[in-house]
Enquirer: 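Dumping the structure here so I can ask a few things about it.
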Amino acid sequence: MQNYINRDKIYVENIGEHDGKTVTLYGWLYNKRVKGKLAFLLLRDGTGIIQCVMGKNDVSEEVFERADKVTQESSIMITGTVHADQRAPGGYEMHVQDFEIISLAQEYPITPKEHGTTFLMDHRHLWHRSKKQNAILRIRHTIIKAIRDFFDKDGFTLIDAPVFTPAACEGTTTLFETDYFDTKAYLTQSGQLYMEAAAMAFGKVYCFGPTFRAEKSKTRRHLTEFWMVEPEVAFMDLEGDMDLAEAFVAYIVQRVLESNQEQLKVIERDVSKLEAVVPPFPRIHYDEAAKILADNGSEFVFGDDFGAADETIISNQFDKPVMVHRYPAAVKAFYMKNDPENPERALCVDMLAPEGYGEIIGGGQREDDLETLLRKIREHDLPESSFQWYLDLRRYGSVPHAGFGLGIERTVAWICGLHHVRETIPFARLMHRLYP
RNA sequence: UCCCGAGUAGCUCAAUCGGCAGAGCGGGUGGCUGUUAACCACUAGGUUGUAGGUUCGAGUCCUACCUCGGGAGCCA
């Protein structure tokens with residue numbers, strides 16, 4: 001294997017720079033078509049796929065025999081001349097001079113025909129090699145990079161939140177419990193409370209990491225382990241929070257449009273839907289959203305949170321993400337600040353993605369008054385002692401502050417136009433999936 | 001936790017009213033110098049999820065269980 005290390009490797013994505021030259025490519029056999037005295041080998045190297053043409057008369061008998069016997073996903077090395085050619089997928093093809101099999105693959109489970117999702121998820125470690133999955137995870141990479149760039153350029157500091165937490169942060173969802181020496185610890189469901197502490201220390205902060213929910217949810221929008229980015233800003237109100245969320249999401253979409261045209265084509269995404277995502281986004285009051293539902297025959301009960309079908313009805317009214325604000329305080333978490341103009345309502349906002357993708361952002365202004373927060377903790381029947389550090393933030397220089405959380409996988413699913421979030425994360429963790 | 005649906009060849013699926021378990025892909029063999037999920041011919045490949053029941057006869061009908069998928073609730 002030592003012979004195959006090459007530090008100046010040429011990659012398929014840059015093959016146009018080598019038009020007319022003789023180069024060596026390293027990769028895997030994506031597919032082949034052997035037609036008598038002519039062989040078409042599709043080399044995949046992670047950055048793209050190139051068709052390599054081998055005429056029986058142009059290579060030694062031994063080399064042509066290798067093409068005949070090489071199996072799908074065998075690792076290979078091909079030397080040849082690069083030519084622009086309309087007939088070739090990708091626009092360039094290679095005329096083969098030499099071809100070596102680095103490691104002959106056993107019978108590869110993922111054939112070029114159809115497979116079911118369960119089978120593919122069981123072979124997730126191999127499925128990544130497929131064109132579409134490769135494109136999705138490249139777009140995920142762009143989204144994550146764009147998220148970090150957006151905040152870094154705007155003076156935010158990245159503050160990592162802990163994964164082990166001592167108690168339920170919000171007391172709503174079911175948490176994964178783990179032994180922590182002689183006590184219990186729980187896997188985090190949100191870094192937000194810690195970000196509030198960090199915002200008081202650094203001004204503008206965000207965390208980006210995995211989040212865990214032990215809910216027995218089996219829907220296309222749910223994972224038990226997912227990634228979330230949570231910015232938090234001191235001296236910011238709900239309006240500022242919505243401004244931030246809007247600029248943030250628009251920036252992410254723009255970056256994908258700039259960087260991933262090729263991948264968007266592979267996954268057959270309707271790009272015009274993404275091009276429409278420019279500020280300003282519609283901002284509607286909970287009462288307006290309720291009216292939309294009433295007008296569209298929903299069984300929605302005023303005062304409740306919206307169900308999945310309700311979110312779809314609301315988002316379908318717009319061709320951009322829509323921000324719904326000021327939900328009834330009763331259906332929101334204890335740390336949400338109540339609207340001084342209507343104390344029954346919370347200064348909160350959810351952003352619903354277009355095309356029925358549901359909630360991608362949840363956030364709002366936080367309660368900054370010590371006595372009010374204390375009362376809410378008691379009302380929600382939460383252990384007061386666990387929240388002393390959180391109450392300290394109101395004891396020592398409390399300020400208005402706000403933030404939100406954005407779910408990475410739902411954002412990727414929306415931007416890529418996917419049916420299910422399980423394809424948006426390299427190795428999905430679902431209620432019935434812990435392998436591979 | 002609740003509701004709905006599905007388990008048949010390595011994979012994707014078919015099998016009429018309960019009547020001989022089949023096809024495509026993938027594997028193997030042979031053929032083909034411009035293929036695009038190549039094509040053509042031949043070939044191997046089955047405890048029909050498990051356990052019971054009804055029947056002359058069960059992939060098909062009944063009961064239970066197992067596994068998986070979709071959805072609800074909850075949420076990002």
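Letters A, B, ... mirror the listed sequences (proteins, then strands); counts begin at 1. Please read these numbers as outputs of a predicted model, since none were measured by experiment. Values below: every heavy atom of this structure, side chains too, minus hydrogens, waters and symmetry copies.
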Enquirer: Establish, with yes or no, whether the OP1 or OP2 oxygen of A76(B) is under 4.0 angstrom from a side-chain nitrogen or oxygen of R220(A).
Expert: no
Enquirer: Under 4.0 angstrom, heavy atoms only, what part of the nucleic acid is R433(A) near: base, sugar-phosphate, or nothing?
Expert: nothing
Enquirer: With a 3.5 Å cut-off and no angle check, do the side chains of Y335(A) and E196(A) form a donor-acceptor pair?
Expert: no
Enquirer: Sticking with atom C1', work out how far A23(B) lies from A15(B), rounded to a whole angstrom.
Expert: 11 Å
Enquirer: Take the protein atom NZ of K216(A) and the nucleotide atom P of C75(B), then report the distance between them rounded to whole Å.
Expert: 18 Å
Enquirer: What about E93(A), does its side chain sit under 3.5 Å from the base of G34(B) through a donor-acceptor pair?
Expert: yes
Enquirer: Using atom C1' of each nucleotide, how far apart are G26(B) and G10(B) to the nearest Å?
Expert: 7 Å
Enquirer: Starting the side chain at C-beta, find the nucleotide from C68(B), G73(B), G70(B) nearest to S217(A).
Expert: G73(B)
Enquirer: Evaluate the ring planes of W227(A) and F208(A), with Trp represented by its six-membered ring, and classify them as parallel (under 30°), tilted (30 to 60°) or perpendicular (over 60°).
Expert: tilted
Enquirer: Starting at CZ of R33(A) and ending at C1' of C40(B), how long is that distance when rounded to a whole Å?
Expert: 17 Å
Enquirer: Does F226(A) lie flat on the base of A76(B), that is, centres under 5.5 Å apart and planes under 30° off?
Expert: yes
Enquirer: Select one nucleotide: of C75(B), U35(B), U12(B), the one nearest the side-chain heavy atoms of K35(A).
Expert: U35(B)
Enquirer: Going by atom types only, do Q97(A) and T81(A) share a side-chain donor-acceptor pair under 3.5 Å?
Expert: yes
Enquirer: With the side chain of T111(A) defined as its heavy atoms from C-beta on, choose the nearest nucleotide among C25(B), A76(B), U12(B).
Expert: C25(B)
Enquirer: To the nearest angstrom, how far is H123(A) atom NE2 from U12(B) atom C1'?
Expert: 14 Å
Enquirer: Hey, which of these two, T117(A) or G407(A), hits RNA chain B nearer its 5' end, going by closest nucleotide?
Expert: T117(A)
Enquirer: Quick one: do E239(A) and R326(A) make a salt bridge, cutoff under 4.0 Å?
Expert: yes
Enquirer: Starting at the 5' end of RNA chain B and moving along, which residue's nearest nucleotide shows up first, L430(A) or E107(A)?
Expert: E107(A)
Enquirer: Describe the nucleic acid contact of G307(A) in one word from base, sugar-phosphate, nothing, applying a heavy-atom distance below 4.0 Å.
Expert: sugar-phosphate
Enquirer: Measuring from the side chain of R410(A) (C-beta onward, heavy atoms only), which nucleotide among G34(B), A76(B), C74(B) has the closest atom?
Expert: A76(B)
Enquirer: Given C75(B), A37(B), G26(B), which nucleotide is nearest the side-chain atoms of N31(A)?
Expert: A37(B)
Enquirer: For residues Y194(A) and W389(A), establish whether the separation of their ring centroids is below 6.0 Å.
Expert: yes
Enquirer: Expressed as a whole number of Å, how far does the P atom of U8(B) sit from that of A51(B)?
Expert: 15 Å
Enquirer: Please state how far atom CD in E215(A) lies from atom C1' in C2(B), giving the value in whole angstrom units.
Expert: 14 Å
Enquirer: OP1 or OP2 of C74(B) sitting under 4.0 Å from any side-chain N/O of R213(A)?
Expert: no
Enquirer: Do E232(A) and Q192(A) have side-chain N/O donor and acceptor atoms under 3.5 Å apart?
Expert: no
Enquirer: Using a cut-off of strictly less than 4.0 Å, decide whether K218(A) has a side-chain nitrogen or oxygen near OP1 or OP2 of G70(B).
Expert: no
Enquirer: Between G26(B), G70(B), U12(B), which nucleotide gets closest to the side-chain atoms of H115(A)?
Expert: U12(B)
Enquirer: Calculate the interatomic distance between F306(A) atom CZ and G73(B) atom P; express it in whole Å.
Expert: 13 Å
